[in-house]
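Below: one structure, written as structure tokens.
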Amino acid sequence: MNLIRLIVVFLVVWIIIRMLRNYLAKKTVAKQPPAQIDTMVKCKVCDLHIPEQEAIRCGDDYYCCQEHKQLNEP
């Protein structure tokens, strides 16, 4: 009977420790600032969506690479 009590007490302590670890892990993850979402633009030639910072801009048009920009140059 004493062995069963010891096992039950051990399981209860183990469950409490796991719950505390999960609670603390969620708390630290929640404190992280949200990731910045870049504005996506569409390539005029192939319709590929890429971040605005990576796109090549020519006037009001965006291109995914230099070759596509050259295709539409007069």
Side-chain angles (χ1 to χ4, degrees):
M1 191 68 159
N2 286 334
L3 182 60
I4 293 174
R5 284 185 188 167
L6 182 63
I7 292 173
V8 169
V9 168
F10 175 75
L11 286 174
V12 169
V13 169
W14 182 76
I15 290 171
I16 291 172
I17 290 172
R18 296 288 290 178
M19 289 173 65
L20 284 172
R21 283 185 181 173
N22 282 342
Y23 174 74
L24 293 175
K26 288 179 184 177
K27 200 172 185 181
T28 57
V29 170
K31 288 183 179 180
Q32 295 175 351
Q36 291 279 345
I37 298 175
D38 294 333
T39 303
M40 300 295 281
V41 294
K42 185 168 67 168
C43 176
K44 186 176 180 182
V45 176
C46 65
D47 294 335
L48 176 71
H49 285 83
I50 53 176
E52 185 176 16
Q53 296 164 337
E54 295 178 22
I56 299 170
R57 186 173 182 178
C58 184
D60 292 334
D61 300 325
Y62 292 96
Y63 301 97
C64 64
C65 62
Q66 199 68 9
E67 293 145 0
H68 286 180
K69 181 183 174 196
Q70 291 173 355
L71 285 174
N72 279 352
E73 287 182 349

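Heavy-atom basis, side chains included; hydrogens, waters and symmetry copies ignored.
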**Request:** Using the test side-chain contact (heavy atoms from CB on, under 4.5 Å), find all partners of L3 that sit at least two apart in sequence or belong to another chain.
**Result:** I7
**CD1 (I4) with more than 12 external heavy atoms under 6.0 Å** = no
**Item:** Value rounded to 0.5 Å, distance of CE in M19 from CG in L24
**Value:** 12.0 Å
**Nearest heavy-atom neighbours spanning C43 and H68** = SG-ND1, 3.4 Å
**Item:** Pairs flagged by side chain to side chain donor-acceptor pair (under 3.5 Å) wherever residues 10-21 is involved - sequence neighbours left out
**Value:** none
**Asked** Quick one: do L20 and V12 end up in the same hydrophobic cluster if we chain Ile, Leu, Val, Met, Phe, Trp and Tyr together by side-chain heavy atoms under 4.5 Å apart?
**Response** yes
**Message:** Quick test of your reading: applying side chain to side chain donor-acceptor pair (under 3.5 Å), list the pairs with at least one residue in residues 47-57, sequence neighbours left out, ordered by first then second residue.
**Reply:** E52-Y62
**Asked** Do you reckon I56 sits in the same ILVMFWY cluster as I50, going by side-chain contacts under 4.5 Å, direct or chained?
**Response** no
**Complete:** Correct closest heavy-atom pair for L48 and C64 would be CD2-CB, 4.0 Å
